[in-house]
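Keep in mind that this is a model prediction, so the values were computed, not measured.
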Amino acid sequence: MASQAASSFNGNIKRALAGIRRINLEGLRWRVFDAKGQVLGRLASQISTVIQGKDKPTYAPYRDDGDMCIVLNAKDICVTGRKMTDKVYHWHTGYIGHLKQRTLKDQMAKDPTEVIRKAVLRMLPRNKLRDDRDRKLRIFAGNEHPFGDRPLEPYVMPPRAVRELRPRARRALMRAQKKTEQQQQGGSDKRKGKKKEVETEVTTQTLV
């Protein structure tokens, strides 16, 4: 098992280093995204903004001025709602009737880096710059990466504004909390009643 893990890690390192020579790294910043606990769509939108260079005042849609993006902890990404089972990836093998599909949960178990890669690439415009931008995206399932000698800059995600509950959902939540409190109180009352019964039995036996 240890040898398999080491071989897979070495394969990921080789894959991460592939294509670096084809990128003009002069003047580019190395931005590091920590995907642990982040929502998939919000993280992908921020990465797509940086990888296109939209956060720079010199942005132009026909020029590739984006920075290098390194994403860590891809296996700890989060999704909202029931997307883990309801979101399905479809692809075709090229043969008649060979339509394949895989849920997000299965894809996370197989290769979590492809989940973030697909989300980012589908937010980029489909033009001749897409392949060059894809080469600037390096995703890792864990914390380890081979770019420790580069001037890395951690990217700070903007705060997430959580929407308040609607009145009906708030009332349902309050009812559920009251119900659990009543059940806990009922359980404690039953335990107290049992204790009292035991004490009365002991006192009657001592009197006899």
N-O pairing of R117 and E114 below 4.0 Å
yes
NZ of K75 to CG of D111: how many Å apart, nearest 0.5 Å?
13.5 Å
Presence of salt bridge, D86 and K83, under 4.0 angstrom
no
Report the C-alpha distance between K136 and C69 in whole Å, list the side-chain angles of each, state the deciding distance to 0.1 Å, and finish with yes or no for side chain to side chain contact (heavy atoms under 4.5 Å, CB included).
CA-CA 6 Å; K136 294 181 179 180; C69 296; over 6 Å; no
If we only count heavy atoms from C-beta on, is the F140 to I70 side-chain gap below 4.5 Å?
yes
Considering all heavy atoms, the nearest D132-K128 contact
OD2-O, 4.3 Å
Where P112 and A74 come nearest, the two heavy atoms and their spacing
CB-O, 3.8 Å
Run through the side-chain heavy atoms of Ile, Leu, Val, Met, Phe, Trp and Tyr, join any pair under 4.5 Å, and report what else lands in L129's cluster.
none
Rounded to the nearest 0.5 Å, how far does CZ of R170 lie from CE of M174?
8.5 Å
Would you find a donor on one side and an acceptor on the other, under 3.5 Å apart, between the side chain of Q107 and the backbone of T103?
no
Between P125 and Q52, which heavy-atom pair has the shortest distance, and what is it?
CD-OE1, 3.4 Å
How are the rings of F147 and W30 set relative to one another: parallel (under 30°), tilted (30 to 60°) or perpendicular (over 60°)?
tilted
Is R133 salt-bridged to D64, going by a charged N under 4.0 Å from an acidic O?
yes
Atom CG of residue position L99 - does it have more than 12 heavy atoms of other residues, nucleotides or ligands inside 6.0 Å?
yes
So CG of D67 and OG1 of T49: to nearest 0.5 Å the spacing works out to 12.0 Å
If you round to the nearest 0.5 Å, how far is CD of E26 from CD1 of I23?
14.0 Å
Does the pair R31/D55 count as a salt bridge with the N-to-O cut at 4.0 Å?
yes
For R42 and P158, indicate whether the former's side chain and the latter's backbone hold a donor-acceptor pair under 3.5 Å.
yes
Full working for side chain to side chain contact (heavy atoms under 4.5 Å, CB included) between M68 and R138
CA-CA 8 Å; M68 292 291 297; R138 307 291 161 163; 4.3 Å; yes
Quick check: does any side chain N or O of K100 sit under 3.5 Å from a backbone N or O of T93, one acting as donor and the other as acceptor?
no
Those residues that, when tested against D131, pass salt bridge (charged side-chain N to carboxylate O under 4.0 Å, His left out) (two or more places apart):
none
Scanning both residues in full, the closest heavy-atom pair of N24 with L28 reads O-CD1, 3.3 Å
Charged N-O contact under 4.0 Å between D65 and K56
no
Y59 to G53 - nearest heavy-atom pair and separation
CB-O, 3.3 Å
Clusters formed by hydrophobic residues whose side-chain heavy atoms approach within less than 4.5 Å: which one holds Y155, and what are its other members?
F33, L40, L43, I47, V50, I51, V71, I77, V79, M84, Y89, L104, M108, V115, I116, V120, L121, L124, L137, I139, M157
Could you walk me through whether D76 and Q38 pass the side chain to side chain contact (heavy atoms under 4.5 Å, CB included) test, one step at a time?
CA-CA 8 Å; D76 297 326; Q38 297 292 337; over 6 Å; no
To the nearest 0.5 Å, what is the distance between CG (L72) and CD (E144)?
10.5 Å
